[in-house]
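Note sheet for the following structure.
Just so it is clear, the values below take in all heavy atoms, side chains as well, and ignore hydrogens, waters and symmetry mates. It should be emphasised that the depicted structure is a prediction, and the values quoted were computed from it without experimental measurement.
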Amino acid sequence: MDFTKTKTDLAGLIGEKKVIQKNDGTMDEALFNSYGTDRTKVYPPNYQVLVFPETTEDVAAVVTYAYKNEISIVPSGGRTGYAGGAVAKNGEIVLSLAKMNQVVDFDPFLGTLHVQAGMITKNLHKEAEERGFYFPVDFAATGSSHIGGNIATNAGGVRVVHYGLIRDWVLGLTVVNGKGEIYRFNGEILKNNTGYDLKHLFIGSEGTLGIITEAVVKLTKPPKDIRVIFLAVPEYKNILEIFRETHNFDLPLLAFEFLTDYCLEKVKEHLGVPDPFQISSKYYVLMEFEVGGETDEEKLYSILESITEKEFITDGSIAQNSRQNETFWKYREGISESLSLAYTVHKNDISLPLRNMEAFLDEMTSLLTKKYQGFHIALFGHIGDGNLHLNIVKPKDLSDTEFFAQCKQVDPEMFNLIQKFKGSISAEHGIGLLKKDYLNFSRSESEIQTMRAIKLAFDPKGILNPGKVL
(Lines give C-alpha, C1' and ligand atoms only; values in the text may rest on other atoms or scores of the structure.)
Protein backbone atom coordinates (compact mmCIF):
# COMPACT_ATOMS: atom_id res chain seq x y z
CA MET A 1 0.00 0.00 0.00
CA ASP A 2 1.19 3.51 -0.83
CA PHE A 3 0.68 5.18 2.56
CA THR A 4 1.83 8.57 1.32
CA LYS A 5 -0.88 8.52 -1.35
CA THR A 6 -3.43 7.44 1.28
CA LYS A 7 -2.46 10.36 3.47
CA THR A 8 -2.65 12.80 0.56
CA ASP A 9 -6.05 11.49 -0.57
CA LEU A 10 -7.53 11.65 2.94
CA ALA A 11 -6.10 15.13 3.51
CA GLY A 12 -7.92 16.23 0.38
CA LEU A 13 -11.18 14.83 1.79
CA ILE A 14 -11.16 16.05 5.39
CA GLY A 15 -8.27 18.54 5.67
CA GLU A 16 -4.51 18.27 5.90
CA LYS A 17 -4.31 18.94 9.67
CA LYS A 18 -6.57 15.97 10.40
CA VAL A 19 -4.29 13.36 8.79
CA ILE A 20 -0.90 12.22 10.12
CA GLN A 21 1.57 9.79 8.62
CA LYS A 22 4.08 7.99 10.82
CA ASN A 23 7.42 9.82 11.07
CA ASP A 24 6.21 12.81 9.04
CA GLY A 25 7.42 15.13 11.81
CA THR A 26 3.93 15.97 13.02
CA MET A 27 3.80 13.69 16.06
CA ASP A 28 6.25 11.89 18.33
CA GLU A 29 6.52 8.21 17.31
CA ALA A 30 5.63 6.84 20.76
CA LEU A 31 2.50 8.99 20.91
CA PHE A 32 1.60 8.02 17.35
CA ASN A 33 1.91 4.32 18.18
CA SER A 34 -0.25 4.71 21.27
CA TYR A 35 -3.29 5.48 19.13
CA GLY A 36 -3.06 2.01 17.57
CA THR A 37 -3.20 -0.08 20.71
CA ASP A 38 -4.94 -0.49 24.08
CA ARG A 39 -3.83 -1.67 27.53
CA THR A 40 -2.93 -5.15 26.33
CA LYS A 41 0.71 -5.99 25.64
CA VAL A 42 0.31 -8.99 23.36
CA TYR A 43 0.33 -7.33 19.92
CA PRO A 44 2.54 -4.31 19.07
CA PRO A 45 0.94 -1.62 16.89
CA ASN A 46 1.90 -1.58 13.21
CA TYR A 47 0.27 1.12 11.10
CA GLN A 48 1.21 4.24 9.13
CA VAL A 49 -1.78 6.60 8.83
CA LEU A 50 -3.74 8.24 11.68
CA VAL A 51 -6.80 10.44 11.12
CA PHE A 52 -8.61 12.81 13.49
CA PRO A 53 -12.10 13.51 12.10
CA GLU A 54 -14.11 16.28 13.74
CA THR A 55 -17.60 15.49 12.42
CA THR A 56 -19.73 12.52 11.43
CA GLU A 57 -19.35 13.65 7.83
CA ASP A 58 -15.55 13.47 8.19
CA VAL A 59 -15.85 9.89 9.44
CA ALA A 60 -18.17 9.00 6.57
CA ALA A 61 -15.71 10.45 4.05
CA VAL A 62 -12.83 8.40 5.47
CA VAL A 63 -14.84 5.17 5.55
CA THR A 64 -16.20 5.72 2.02
CA TYR A 65 -12.63 6.15 0.78
CA ALA A 66 -11.49 3.05 2.65
CA TYR A 67 -14.44 1.05 1.27
CA LYS A 68 -13.69 2.03 -2.33
CA ASN A 69 -9.97 1.28 -1.92
CA GLU A 70 -10.45 -1.80 0.30
CA ILE A 71 -8.37 -0.41 3.17
CA SER A 72 -9.12 -1.53 6.70
CA ILE A 73 -9.87 0.88 9.57
CA VAL A 74 -9.39 0.51 13.33
CA PRO A 75 -11.51 2.94 15.41
CA SER A 76 -9.57 4.45 18.32
CA GLY A 77 -11.13 5.86 21.49
CA GLY A 78 -9.54 6.15 24.90
CA ARG A 79 -7.70 2.81 24.36
CA THR A 80 -8.50 1.61 27.87
CA GLY A 81 -9.66 -1.87 26.83
CA TYR A 82 -8.12 -5.19 27.80
CA ALA A 83 -9.09 -7.40 24.86
CA GLY A 84 -6.98 -5.97 22.01
CA GLY A 85 -10.05 -4.38 20.42
CA ALA A 86 -8.21 -1.16 19.51
CA VAL A 87 -5.00 -2.74 18.21
CA ALA A 88 -3.91 -1.87 14.65
CA LYS A 89 -1.32 -4.50 13.76
CA ASN A 90 -1.69 -4.96 9.99
CA GLY A 91 -1.25 -1.52 8.46
CA GLU A 92 -4.83 -0.33 8.92
CA ILE A 93 -5.87 3.33 9.00
CA VAL A 94 -6.39 4.31 12.63
CA LEU A 95 -9.38 6.61 13.06
CA SER A 96 -9.27 8.47 16.38
CA LEU A 97 -12.45 10.05 17.76
CA ALA A 98 -10.45 12.21 20.19
CA LYS A 99 -11.38 15.52 18.54
CA MET A 100 -15.08 14.67 18.44
CA ASN A 101 -15.67 15.64 22.06
CA GLN A 102 -18.43 18.24 22.06
CA VAL A 103 -21.96 18.45 23.48
CA VAL A 104 -24.41 18.48 20.57
CA ASP A 105 -27.66 19.04 22.47
CA PHE A 106 -29.37 18.79 25.85
CA ASP A 107 -33.06 18.06 26.44
CA PRO A 108 -34.17 19.14 29.94
CA PHE A 109 -37.65 17.67 29.48
CA LEU A 110 -36.61 14.18 28.43
CA GLY A 111 -33.44 14.36 30.52
CA THR A 112 -30.95 13.45 27.77
CA LEU A 113 -27.52 14.58 26.66
CA HIS A 114 -26.47 14.35 23.00
CA VAL A 115 -22.67 14.21 22.69
CA GLN A 116 -19.98 13.31 20.18
CA ALA A 117 -18.43 9.87 20.68
CA GLY A 118 -14.97 11.15 21.59
CA MET A 119 -16.11 12.84 24.79
CA ILE A 120 -14.20 11.53 27.81
CA THR A 121 -16.63 9.74 30.13
CA LYS A 122 -15.69 11.84 33.15
CA ASN A 123 -16.43 14.99 31.15
CA LEU A 124 -19.86 13.62 30.30
CA HIS A 125 -20.42 13.14 34.05
CA LYS A 126 -19.52 16.81 34.58
CA GLU A 127 -21.78 17.99 31.76
CA ALA A 128 -24.69 16.08 33.31
CA GLU A 129 -23.95 17.42 36.82
CA GLU A 130 -23.78 21.02 35.58
CA ARG A 131 -27.33 20.57 34.29
CA GLY A 132 -28.61 19.08 37.54
CA PHE A 133 -28.58 15.47 36.32
CA TYR A 134 -26.50 12.34 36.81
CA PHE A 135 -24.99 9.80 34.40
CA PRO A 136 -24.53 6.61 36.42
CA VAL A 137 -22.13 4.50 34.33
CA ASP A 138 -18.80 4.70 36.15
CA PHE A 139 -15.53 2.75 36.38
CA ALA A 140 -11.82 3.25 37.03
CA ALA A 141 -11.07 4.41 33.46
CA THR A 142 -13.68 7.20 33.27
CA GLY A 143 -10.89 9.79 33.25
CA SER A 144 -9.53 8.57 29.91
CA SER A 145 -12.13 6.35 28.22
CA HIS A 146 -14.47 7.78 25.57
CA ILE A 147 -18.23 7.44 25.70
CA GLY A 148 -18.23 6.01 22.16
CA GLY A 149 -15.81 3.29 23.21
CA ASN A 150 -17.92 2.60 26.30
CA ILE A 151 -20.94 2.05 24.08
CA ALA A 152 -18.98 0.01 21.52
CA THR A 153 -17.99 -2.40 24.32
CA ASN A 154 -21.25 -2.14 26.31
CA ALA A 155 -19.31 -1.00 29.37
CA GLY A 156 -20.42 -2.06 32.81
CA GLY A 157 -18.42 -0.69 35.71
CA VAL A 158 -18.91 -0.46 39.43
CA ARG A 159 -22.62 0.39 39.70
CA VAL A 160 -24.17 -2.20 37.38
CA VAL A 161 -25.77 -3.91 40.39
CA HIS A 162 -28.03 -0.85 40.73
CA TYR A 163 -28.08 1.01 37.42
CA GLY A 164 -27.36 -1.67 34.82
CA LEU A 165 -25.04 -1.63 31.79
CA ILE A 166 -24.47 1.30 29.46
CA ARG A 167 -26.90 -0.35 27.02
CA ASP A 168 -29.67 0.64 29.44
CA TRP A 169 -28.74 4.33 29.13
CA VAL A 170 -28.45 4.75 25.35
CA LEU A 171 -31.49 6.25 23.60
CA GLY A 172 -29.96 7.18 20.26
CA LEU A 173 -26.85 6.72 18.14
CA THR A 174 -25.27 8.12 15.02
CA VAL A 175 -23.21 5.46 13.26
CA VAL A 176 -21.19 5.18 10.04
CA ASN A 177 -21.33 1.68 8.55
CA GLY A 178 -18.65 -0.14 6.54
CA LYS A 179 -19.70 1.52 3.27
CA GLY A 180 -19.62 5.05 4.66
CA GLU A 181 -23.39 5.33 5.04
CA ILE A 182 -24.70 7.31 8.02
CA TYR A 183 -27.39 5.91 10.32
CA ARG A 184 -29.17 8.25 12.72
CA PHE A 185 -31.07 6.22 15.29
CA ASN A 186 -33.45 8.75 16.86
CA GLY A 187 -32.80 9.45 20.52
CA GLU A 188 -35.10 12.46 20.89
CA ILE A 189 -38.12 10.36 21.86
CA LEU A 190 -38.83 7.48 24.24
CA LYS A 191 -41.40 5.71 22.06
CA ASN A 192 -40.42 4.63 18.57
CA ASN A 193 -42.05 1.28 17.76
CA THR A 194 -41.15 1.11 14.06
CA GLY A 195 -39.59 -2.30 13.60
CA TYR A 196 -36.12 -3.54 14.49
CA ASP A 197 -34.21 -1.34 16.95
CA LEU A 198 -30.92 -1.54 15.07
CA LYS A 199 -28.94 0.67 17.45
CA HIS A 200 -28.65 -2.23 19.91
CA LEU A 201 -26.62 -4.19 17.35
CA PHE A 202 -23.90 -1.53 17.53
CA ILE A 203 -23.80 -1.46 21.34
CA GLY A 204 -21.14 -4.02 22.23
CA SER A 205 -20.09 -4.60 18.61
CA GLU A 206 -16.54 -3.30 19.24
CA GLY A 207 -16.42 -1.21 16.08
CA THR A 208 -16.89 -4.22 13.78
CA LEU A 209 -20.28 -3.16 12.37
CA GLY A 210 -19.94 0.61 12.29
CA ILE A 211 -18.16 3.56 13.88
CA ILE A 212 -20.22 5.31 16.56
CA THR A 213 -19.84 9.07 16.11
CA GLU A 214 -22.58 10.51 18.36
CA ALA A 215 -24.79 9.27 21.18
CA VAL A 216 -27.90 10.39 23.02
CA VAL A 217 -27.73 9.11 26.60
CA LYS A 218 -30.38 9.12 29.28
CA LEU A 219 -29.71 10.93 32.53
CA THR A 220 -31.18 10.41 35.97
CA LYS A 221 -31.38 12.25 39.28
CA PRO A 222 -28.22 12.29 41.43
CA PRO A 223 -28.11 10.02 44.49
CA LYS A 224 -29.17 11.85 47.66
CA ASP A 225 -25.98 11.02 49.53
CA ILE A 226 -23.41 8.25 49.08
CA ARG A 227 -21.79 6.29 51.87
CA VAL A 228 -19.17 3.56 51.56
CA ILE A 229 -18.49 0.61 53.85
CA PHE A 230 -15.13 -1.16 53.66
CA LEU A 231 -14.85 -4.65 55.16
CA ALA A 232 -12.18 -7.22 55.96
CA VAL A 233 -13.55 -10.69 55.15
CA PRO A 234 -11.92 -14.01 56.16
CA GLU A 235 -13.46 -16.41 53.60
CA TYR A 236 -14.92 -16.09 50.12
CA LYS A 237 -18.23 -17.66 51.19
CA ASN A 238 -18.64 -14.75 53.62
CA ILE A 239 -18.67 -12.32 50.67
CA LEU A 240 -21.81 -13.91 49.27
CA GLU A 241 -23.35 -14.08 52.74
CA ILE A 242 -22.77 -10.34 53.14
CA PHE A 243 -24.37 -9.69 49.75
CA ARG A 244 -27.47 -11.65 50.75
CA GLU A 245 -27.58 -9.76 54.04
CA THR A 246 -27.85 -6.40 52.24
CA HIS A 247 -31.22 -7.56 50.85
CA ASN A 248 -32.67 -7.56 54.37
CA PHE A 249 -32.36 -3.79 54.67
CA ASP A 250 -34.39 -1.29 52.65
CA LEU A 251 -31.35 0.69 51.54
CA PRO A 252 -30.35 1.21 47.87
CA LEU A 253 -27.13 -0.73 47.16
CA LEU A 254 -25.20 1.13 44.44
CA ALA A 255 -22.04 -1.00 44.31
CA PHE A 256 -20.70 -4.24 45.76
CA GLU A 257 -17.02 -4.87 45.01
CA PHE A 258 -14.35 -7.22 46.31
CA LEU A 259 -10.58 -7.71 46.14
CA THR A 260 -7.96 -10.07 47.55
CA ASP A 261 -5.10 -9.29 49.92
CA TYR A 262 -2.62 -9.52 46.99
CA CYS A 263 -4.52 -6.78 45.12
CA LEU A 264 -4.55 -4.58 48.20
CA GLU A 265 -0.79 -4.95 48.61
CA LYS A 266 -0.19 -3.83 45.02
CA VAL A 267 -2.44 -0.78 45.42
CA LYS A 268 -0.65 0.19 48.62
CA GLU A 269 2.72 -0.07 46.83
CA HIS A 270 1.53 1.91 43.81
CA LEU A 271 -0.46 4.68 45.50
CA GLY A 272 1.34 4.81 48.82
CA VAL A 273 -1.91 4.49 50.77
CA PRO A 274 -1.92 3.02 54.31
CA ASP A 275 -3.43 -0.25 55.50
CA PRO A 276 -7.20 0.15 55.90
CA PHE A 277 -7.20 -2.10 58.99
CA GLN A 278 -4.70 -3.03 61.70
CA ILE A 279 -4.92 -6.73 60.92
CA SER A 280 -4.83 -7.97 57.31
CA SER A 281 -7.42 -10.31 55.86
CA LYS A 282 -7.70 -12.68 52.91
CA TYR A 283 -10.50 -10.73 51.20
CA TYR A 284 -11.94 -7.21 51.26
CA VAL A 285 -15.40 -5.94 50.32
CA LEU A 286 -16.48 -2.43 49.38
CA MET A 287 -20.18 -1.57 49.50
CA GLU A 288 -21.70 1.73 48.42
CA PHE A 289 -25.18 2.81 49.48
CA GLU A 290 -27.49 5.73 48.78
CA VAL A 291 -28.41 7.37 52.08
CA GLY A 292 -31.34 9.75 52.36
CA GLY A 293 -31.49 10.75 56.03
CA GLU A 294 -31.18 9.68 59.66
CA THR A 295 -33.28 6.56 59.16
CA ASP A 296 -30.98 5.39 56.37
CA GLU A 297 -27.94 6.17 58.54
CA GLU A 298 -29.38 3.84 61.18
CA LYS A 299 -29.87 1.13 58.56
CA LEU A 300 -26.24 1.55 57.49
CA TYR A 301 -25.00 0.86 61.01
CA SER A 302 -27.51 -1.98 61.37
CA ILE A 303 -25.97 -3.71 58.35
CA LEU A 304 -22.48 -3.43 59.82
CA GLU A 305 -23.72 -4.63 63.20
CA SER A 306 -25.55 -7.61 61.69
CA ILE A 307 -22.64 -8.91 59.59
CA THR A 308 -20.29 -8.43 62.55
CA GLU A 309 -22.52 -10.43 64.87
CA LYS A 310 -22.79 -13.22 62.31
CA GLU A 311 -18.98 -13.28 62.03
CA PHE A 312 -18.97 -12.62 58.29
CA ILE A 313 -16.20 -10.04 58.79
CA THR A 314 -13.14 -9.52 60.98
CA ASP A 315 -13.26 -5.74 60.75
CA GLY A 316 -15.22 -2.99 59.04
CA SER A 317 -15.55 0.76 58.74
CA ILE A 318 -18.15 3.23 57.46
CA ALA A 319 -16.83 6.30 55.63
CA GLN A 320 -17.74 9.45 57.55
CA ASN A 321 -17.49 11.92 54.66
CA SER A 322 -16.92 12.21 50.91
CA ARG A 323 -13.13 12.31 51.33
CA GLN A 324 -13.17 8.99 53.16
CA ASN A 325 -15.51 7.60 50.47
CA GLU A 326 -12.81 8.45 47.92
CA THR A 327 -10.09 6.88 50.07
CA PHE A 328 -11.99 3.60 50.34
CA TRP A 329 -12.62 3.57 46.59
CA LYS A 330 -8.89 3.97 45.90
CA TYR A 331 -8.27 0.51 47.33
CA ARG A 332 -10.56 -0.92 44.64
CA GLU A 333 -10.14 1.40 41.66
CA GLY A 334 -6.34 1.52 41.91
CA ILE A 335 -5.94 -2.20 41.23
CA SER A 336 -5.83 -2.27 37.42
CA GLU A 337 -3.37 0.59 37.18
CA SER A 338 -1.13 -0.78 39.93
CA LEU A 339 -0.91 -4.10 38.06
CA SER A 340 -0.72 -2.95 34.43
CA LEU A 341 1.91 -0.24 34.98
CA ALA A 342 4.31 -2.37 37.01
CA TYR A 343 3.78 -5.88 35.62
CA THR A 344 2.92 -7.87 32.54
CA VAL A 345 -0.55 -9.27 33.22
CA HIS A 346 -2.82 -11.78 31.50
CA LYS A 347 -6.37 -10.63 32.14
CA ASN A 348 -9.61 -12.57 32.11
CA ASP A 349 -12.88 -10.75 32.60
CA ILE A 350 -15.60 -13.32 33.28
CA SER A 351 -19.09 -13.53 34.74
CA LEU A 352 -21.12 -16.25 36.41
CA PRO A 353 -24.45 -16.66 38.19
CA LEU A 354 -23.80 -15.73 41.81
CA ARG A 355 -25.34 -18.98 43.03
CA ASN A 356 -22.62 -20.87 41.09
CA MET A 357 -19.76 -18.57 42.04
CA GLU A 358 -18.41 -20.39 45.11
CA ALA A 359 -18.33 -23.81 43.43
CA PHE A 360 -16.69 -22.29 40.35
CA LEU A 361 -14.03 -20.53 42.42
CA ASP A 362 -13.17 -23.75 44.26
CA GLU A 363 -12.56 -25.61 40.98
CA MET A 364 -10.89 -22.64 39.31
CA THR A 365 -8.50 -22.09 42.23
CA SER A 366 -7.52 -25.76 42.09
CA LEU A 367 -6.91 -25.52 38.33
CA LEU A 368 -4.88 -22.30 38.47
CA THR A 369 -2.80 -23.43 41.44
CA LYS A 370 -1.88 -26.57 39.50
CA LYS A 371 -1.21 -24.87 36.14
CA TYR A 372 0.36 -21.62 37.32
CA GLN A 373 2.77 -22.82 40.00
CA GLY A 374 4.79 -19.87 41.29
CA PHE A 375 2.56 -17.32 39.52
CA HIS A 376 0.64 -14.65 41.44
CA ILE A 377 -3.11 -14.47 40.85
CA ALA A 378 -4.88 -11.14 41.40
CA LEU A 379 -8.62 -11.58 41.82
CA PHE A 380 -11.11 -8.73 42.15
CA GLY A 381 -14.33 -7.54 40.62
CA HIS A 382 -17.94 -6.41 40.66
CA ILE A 383 -19.16 -9.37 42.65
CA GLY A 384 -22.63 -7.86 43.07
CA ASP A 385 -23.34 -8.52 39.39
CA GLY A 386 -21.31 -11.74 39.12
CA ASN A 387 -18.31 -10.20 37.34
CA LEU A 388 -14.79 -11.40 38.22
CA HIS A 389 -11.52 -9.89 36.99
CA LEU A 390 -8.93 -12.65 37.08
CA ASN A 391 -5.36 -11.47 36.51
CA ILE A 392 -2.32 -13.70 36.14
CA VAL A 393 0.88 -11.76 36.93
CA LYS A 394 4.00 -12.69 34.95
CA PRO A 395 7.00 -13.86 37.01
CA LYS A 396 10.10 -11.71 36.47
CA ASP A 397 12.23 -14.60 35.17
CA LEU A 398 9.78 -15.47 32.38
CA SER A 399 9.72 -13.75 28.97
CA ASP A 400 6.48 -12.21 27.69
CA THR A 401 6.36 -14.77 24.87
CA GLU A 402 6.67 -17.73 27.23
CA PHE A 403 4.21 -16.20 29.67
CA PHE A 404 1.44 -15.58 27.14
CA ALA A 405 2.00 -19.01 25.59
CA GLN A 406 1.42 -20.66 28.97
CA CYS A 407 -1.66 -18.55 29.59
CA LYS A 408 -3.09 -19.49 26.20
CA GLN A 409 -2.74 -23.16 27.07
CA VAL A 410 -4.63 -22.80 30.35
CA ASP A 411 -7.43 -20.47 29.18
CA PRO A 412 -9.48 -23.18 27.40
CA GLU A 413 -9.53 -25.28 30.57
CA MET A 414 -10.82 -22.33 32.54
CA PHE A 415 -13.38 -21.52 29.84
CA ASN A 416 -14.63 -25.09 30.08
CA LEU A 417 -15.27 -24.47 33.76
CA ILE A 418 -17.08 -21.22 32.95
CA GLN A 419 -19.25 -23.05 30.44
CA LYS A 420 -19.95 -25.78 33.00
CA PHE A 421 -21.18 -23.22 35.52
CA LYS A 422 -23.26 -21.30 32.90
CA GLY A 423 -21.09 -18.19 32.76
CA SER A 424 -19.55 -15.94 30.09
CA ILE A 425 -15.91 -15.75 28.99
CA SER A 426 -16.24 -11.94 28.76
CA ALA A 427 -18.33 -9.90 31.16
CA GLU A 428 -17.53 -6.34 30.09
CA HIS A 429 -14.19 -6.06 28.26
CA GLY A 430 -15.41 -7.65 25.04
CA ILE A 431 -13.84 -10.23 22.72
CA GLY A 432 -11.40 -8.19 20.61
CA LEU A 433 -8.35 -10.07 19.37
CA LEU A 434 -7.61 -11.97 22.55
CA LYS A 435 -10.79 -14.00 22.97
CA LYS A 436 -12.13 -14.47 19.46
CA ASP A 437 -10.77 -18.04 19.27
CA TYR A 438 -12.85 -18.92 22.34
CA LEU A 439 -16.16 -17.34 21.39
CA ASN A 440 -17.72 -20.80 21.06
CA PHE A 441 -17.49 -21.26 24.84
CA SER A 442 -20.21 -18.62 25.23
CA ARG A 443 -21.96 -18.62 21.84
CA SER A 444 -23.41 -21.50 19.84
CA GLU A 445 -22.35 -22.13 16.24
CA SER A 446 -25.71 -20.90 14.95
CA GLU A 447 -25.32 -17.68 16.94
CA ILE A 448 -21.82 -17.14 15.53
CA GLN A 449 -23.06 -17.69 11.97
CA THR A 450 -25.84 -15.16 12.56
CA MET A 451 -23.26 -12.69 13.86
CA ARG A 452 -21.21 -13.23 10.69
CA ALA A 453 -24.29 -12.50 8.58
CA ILE A 454 -24.95 -9.28 10.48
CA LYS A 455 -21.31 -8.27 10.03
CA LEU A 456 -21.59 -8.86 6.28
CA ALA A 457 -24.76 -6.76 6.07
CA PHE A 458 -23.23 -3.67 7.69
CA ASP A 459 -19.60 -4.13 6.58
CA PRO A 460 -19.67 -6.10 3.29
CA LYS A 461 -15.93 -5.79 2.59
CA GLY A 462 -14.91 -6.50 6.20
CA ILE A 463 -12.87 -3.31 6.56
CA LEU A 464 -14.08 -2.25 10.03
CA ASN A 465 -11.84 -3.43 12.88
CA PRO A 466 -10.92 -6.63 11.03
CA GLY A 467 -10.02 -9.73 12.99
CA LYS A 468 -11.84 -8.57 16.10
CA VAL A 469 -14.71 -10.59 17.68
CA LEU A 470 -15.08 -12.91 14.64
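Classified by interplanar angle (parallel below 30°, tilted 30° to 60°, perpendicular above 60°), the ring pair Tyr134/Tyr163 is tilted. Taking the six-membered ring where tryptophan is involved, the planes of Tyr35 and Phe52 are perpendicular, since the angle between them exceeds 60° and thus also 30°. Classified by interplanar angle (parallel below 30°, tilted 30° to 60°, perpendicular above 60°), the ring pair Phe32/Tyr47 is parallel. Taking the six-membered ring where the residue is Trp, Phe202 and Tyr183 present tilted rings, their angle falling between 30° and 60°. Classified by interplanar angle (parallel below 30°, tilted 30° to 60°, perpendicular above 60°), the ring pair Tyr283/Phe258 is tilted. The aromatic rings of Phe375 and Phe403 are tilted relative to each other, their planes meeting at an angle between 30° and 60°. Taking the six-membered ring where tryptophan is involved, the planes of Phe441 and Tyr438 are tilted, since the angle between them lies from 30° to 60°.
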Open item on the list: Applying side-chain hydrogen bond (donor to acceptor under 3.5 Å, both in side chains) to Ser399 and Glu402, what does each step give before you reach the verdict?
Closed with: CA-CA 5 Å; Ser399 71; Glu402 292 173 312; 3.2 Å; yes
Open item on the list: Show, in sequence, the C-alpha distance, side-chain angles and deciding distance for Lys268 and Glu265, and conclude whether the salt bridge (Lys or Arg N to Asp or Glu O under 4.0 Å) test is met.
Closed with: CA-CA 5 Å; Lys268 284 160 49 184; Glu265 286 302 314; 2.9 Å; yes
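Of the possible polar contacts, none joining the Asp459 side chain to the Gly210 backbone as a donor-acceptor pair under 3.5 Å is found. Put simply, the side chain of Ser442 gets close to the backbone of Ile425: a donor and an acceptor are under 3.5 Å apart. Of the possible polar contacts, one joining the Arg227 side chain to the Ala319 backbone as a donor-acceptor pair under 3.5 Å is found.
Contact check on Lys468 versus Glu206 returns no salt bridge, with no Lys/Arg side-chain nitrogen under 4.0 Å from an Asp/Glu carboxylate oxygen. Using a cut-off of 4.0 Å between Lys/Arg side-chain N and Asp/Glu carboxylate O, Glu288 and Arg159 are scored as salt-bridged. Under 4.0 Å is where a charged nitrogen must lie from a carboxylate oxygen, and between Asp197 and Lys199 at least one such pair does. The pair Lys420-Glu363 counts as a salt bridge, with a side-chain nitrogen and a carboxylate oxygen less than 4.0 angstrom apart. A salt bridge links Lys266 with Glu269: the distance from a Lys NZ or Arg NE/NH1/NH2 to an Asp or Glu carboxylate oxygen falls below 4.0 Å. Using a 4.0 Å cut-off between a side-chain N of Lys or Arg and a carboxylate O of Asp or Glu, Glu235 and Lys237 do not qualify as a salt bridge.
Taking the side chain as every heavy atom from C-beta outward, Leu124 and Val217 approach each other to under 4.5 Å. Side-chain contact between Ile383 and Leu388 is present, with heavy atoms from C-beta onward closer than 4.5 Å. Glu257 has its side chain within reach of Val158: a pair of non-hydrogen atoms, C-beta onward, lies under 4.5 Å apart. Leu379 has its side chain within reach of Leu361: a pair of non-hydrogen atoms, C-beta onward, lies under 4.5 Å apart. Side chains of Leu253 and Phe243 form a contact here, defined as non-hydrogen atoms less than 4.5 Å apart.
Under a cut-off of 6.0 angstrom, the local environment of NZ in Lys99 is crowded, with over 12 non-hydrogen atoms contributed by other residues, nucleotides or ligands.
For the residue pair Asp411/Asn348, the side-chain donor-acceptor check at 3.5 Å is satisfied.
For the pair Lys394 and Tyr343, the NZ or CZ position fails the cation-pi test of under 6.0 Å to the six-membered ring centre and within 45 degrees of the ring normal.
When ring centroids are compared, His382 and Phe256 stay outside the 6.0 Å threshold.
Nearest heavy-atom pair across Thr142 and His125 is CG2-CE1, 3.9 Å.
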